[in-house]
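Hydrogens, waters and symmetry mates are skipped; everything else that's a heavy atom, side chains included, is used. Throughout, a chain's letter reflects where its sequence line sits, starting with A, and its residues are numbered from 1.
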Number of protein chains: 2
Amino acid sequence: MQKTAKPKKTGRAADSVEKVYDAVKELAVEYRFKPGERVNEVELATKLGVSRTPVREALNRLARDGFMSFVPNRGFHARDITPEGVRELYELRAAIERAAFRLACERGTDAEIGETIAIWQNNSNLGPTTDWAAVAEADEAFHIAIVTLSKNGRMLNALEGVNSLIRFFRRIDLESNRRRSGTYDEHAAIIECLRRRDGDVGGELIERHITLSSAHAVDVTKEGLARIFFRRPD
Amino acid sequence: MQKTAKPKKTGRAADSVEKVYDAVKELAVEYRFKPGERVNEVELATKLGVSRTPVREALNRLARDGFMSFVPNRGFHARDITPEGVRELYELRAAIERAAFRLACERGTDAEIGETIAIWQNNSNLGPTTDWAAVAEADEAFHIAIVTLSKNGRMLNALEGVNSLIRFFRRIDLESNRRRSGTYDEHAAIIECLRRRDGDVGGELIERHITLSSAHAVDVTKEGLARIFFRRPD
DNA sequence: CAATCCATTACTGTATACACATTGATCTGT
DNA sequence: ACAGATCAATGTGTATACAGTAATGGATTG
């Protein structure tokens with residue numbers, strides 16, 4: 001009997017909430033829900049092959065993550081999309097990453113810093129490409145790597161939450177002409193500060209690096225709206 | 001028929017989750033659950049007069065807030081208490097407040113800044129007191145007021161989450177001799193920077209102000225442990 | 001024709017039932 | 001006495017039922 005073929009004969013799933021959470025989070029990250037739209041629990045439950053109970057538990061989690069708003073007797077509604085919201089997220093990200101960079105310079109071992117630099121050098125060898133999803137993924141990984149060096153799991157956790165909330169916009173931002181050019185040099189300068197363990201200068205650099213993106217909040221929001229409403233429903 | 005006596009004749013509560021969330025969060029904030037202890041769903045549900053369904057929904061929210069950890073098939077467990085965890089929270093708080101202070105200096109109107117200063121002056125007129133809960137509350141309000149001026153709701157939200165996670169320790173910290181003395185002067189210096197809209201200097205001050213507390217993480221954790229395990233069960 | 005009212009439909013909120021997993025105490029063989 | 005097996009008791013995970021609330025659409029009225 002193959003293991004992957006059948007989900008075993010298990011009478012109980014026992015991890016439905018996690019599965020629903022991951023699936024719905026993915027939908028929410030990509031704005032598959034229209035902004036402000038009510039999320040129908042039975043529909044979602046049916047589509048995912050579970051009952052409403054685990055769906056509601058997952059939605060409660062997602063609400064605390066910032067992906068859903070909840071109105072009593074009116075259920076869960078997908079997050080909105082506004083320039084202010086995007087700007088605020090970028091500003092929070094900048095705050096976390098600046099502080100984390102300074103801690104990383106204090107706490108990262110030589111080996112860890114060297115490893116981080118090596119990974120960046122490999123990833124930046126992508127050369128010219130049009131796979132923006134891959135570029136965005138590498139960018140996110142770069143920033144995560146630095147915050148990991150801060151040895152502050154709470155900051156890392158908070159950053160991951162923010163990242164999932166802005167991922168949709170970050171991709172748009174990186175695709176735009178404005179950011180494409182500068183990103184490499186900015187990362188290079190940040191990496192150089194990390195090598196020198198210059199937390200003050202590097203912290204300022206990374207803060208500005210991110211703030212530059214927050215300045216485009218209006219543009220990426222417009223483009224995001226277009227993608228949400230013009231894409232094929234699939 | 002009195003209104004408060006009976007919860008009306010309503011057949012459905014319709015806000016059980018909110019009530020449970022608030023009640024259990026209060027317990028978690030004050031460490032009424034022993035660190036790591038499994039939270040018994042039926043027991044909690046019975047005590048609160050509801051069924052397990054809203055209890056589990058509330059616990060799922062609290063898990064995302066950082067008050068509970070969740071292990072499949074083993075339910076929800078109360079958060080741990082460790083010096084590293086406390087330190088990490090203070091560091092995250094410092095990161096948010098520093099950035100928010102700079103934004104507050106840019107974005108707060110003269111009226112808002114004046115109002116914030118006035119509130120602080122009033123609150124600092126408490127004089128010598130031993131009502132540490134009130135002192136801690138005023139302290140938290142002071143910091144919240146500044147972050148509010150940043151006009152960044154996401155930062156404010158994140159800070160409120162962190163605040164609820166460290167409130168237990170903050171009170172201990174403020175009660176200790178170490179912090180009691182310096183706090184007033186530090187706040188005064190920060191307020192003066194806000195008046196001058198000096199975001200850079202004030203940001204550094206507030207960051208250091210908070211980092212000073214993070215340096216006591218080990219001490220407040222020890223004292224916290226003692227209070228958790230030695231207090232009367234009530 | 002527009003606005004309002006009302007009945008019907010659709011959806012949410014909570015309780016309960018039951019299957020499965022874990023836990024821990026008792027038993028067994030050595 | 002003790003490590004491992006066994007089994008009952010406890011507790012979690014999900015589905016379902018039902019009560020109550022909002023949303024919808026058509027009839028009614030000005």
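- OP1 or OP2 of D:dT12 has not a single side-chain nitrogen or oxygen of B:N73 nearer than 4.0 Å.
- Residues B:Y90 and B:D173 form a side-chain contact, since some pair of their non-hydrogen atoms from C-beta on lies under 4.5 Å apart.
- The side chain of A:R56 sits closest to C:dG13 out of D:dG13, C:dT16, C:dG13.
- Proximity note for A:A14 (side chain, C-beta onward) versus D:dG11, D:dG13, C:dT16: the nearest is D:dG13.
- For the pair A:L44 CG and C:dC11 C1', the computed distance is 14 Å after rounding to whole Å.
- Between the side chains of A:Y21 and A:D65, a donor-acceptor pair is found at a separation under 3.5 Å.
- Contact annotation for B:F70: backbone-only contact, meaning every heavy-atom pair under 4.0 Å involves sugar-phosphate atoms and none involves a base.
- With no hydrogens or angles considered, a side-chain donor-acceptor pair links A:N163 and A:R170 at under 3.5 Å.
- Side chain of B:R52, nearest nucleotide from C:dA17, C:dG13, D:dA15: C:dA17.
- Regarding B:F76, its CZ atom lies at a distance of 10 Å from the C1' atom of D:dG13, rounded to whole Å.
- Within the structure, a side-chain polar atom (N or O) of A:S16 is placed less than 4.0 Å from OP1 or OP2 of D:dT14.
- At distances below 3.5 Å, at least one donor-acceptor pair connects side-chain atoms of A:E112 with backbone N or O atoms of A:T109.
- Straight-line distance from the CE atom of B:M68 to the P atom of D:dT12: 12 Å, rounded to whole Å.
- The nearest heavy atom of DNA chain D to A:R74 and to A:V17 marks one nucleotide each, and the one closer to the 5' end goes with A:V17.
- In this structure, B:V20 reaches neither bases nor backbone, as no heavy-atom distance under 4.0 Å exists between it and the strands shown.
- One atom, OH of B:Y21, and another, P of C:dG13, lie 17 Å apart when rounded to the nearest Å.
- For A:S51, the side-chain atoms get nearest to D:dA15 when compared with the rest of D:dA15, D:dG13, C:dA15.
- Between A:P72 and A:D15, the residue whose closest nucleotide on DNA chain D is further toward the 5' end is A:D15.
- Residue B:E41 has its side chain nearest to D:dG13 when only D:dG13, D:dA15, C:dA15 are considered.
- B:E57 places its CD atom 16 Å from the P atom of D:dT12, with the value rounded to the nearest Å.
- Ranking D:dT14, C:dC11, D:dG11 by closeness to the A:R38 side chain, first place goes to C:dC11.
- Computed from coordinates, the B:L59 CG to D:dG11 C1' distance equals 14 Å when rounded to whole Å.
- Distance CZ/A:R87 to CZ/A:F169: 13.5 Å, rounded to 0.5 Å.
- Atom pair B:N40:CG and D:dT10:P shows a separation of 11 Å (rounding to whole Å applied).
- Distance CG (A:N60) to P (C:dG13): 9 Å, rounded to an integer number of Å.
- B:V55 comes within 4.0 angstrom of nothing in the nucleic acid, heavy atoms only.
- Using modelled atom types, one finds no donor on one side chain facing an acceptor on the other under 3.5 Å when comparing A:E37 with A:H77.
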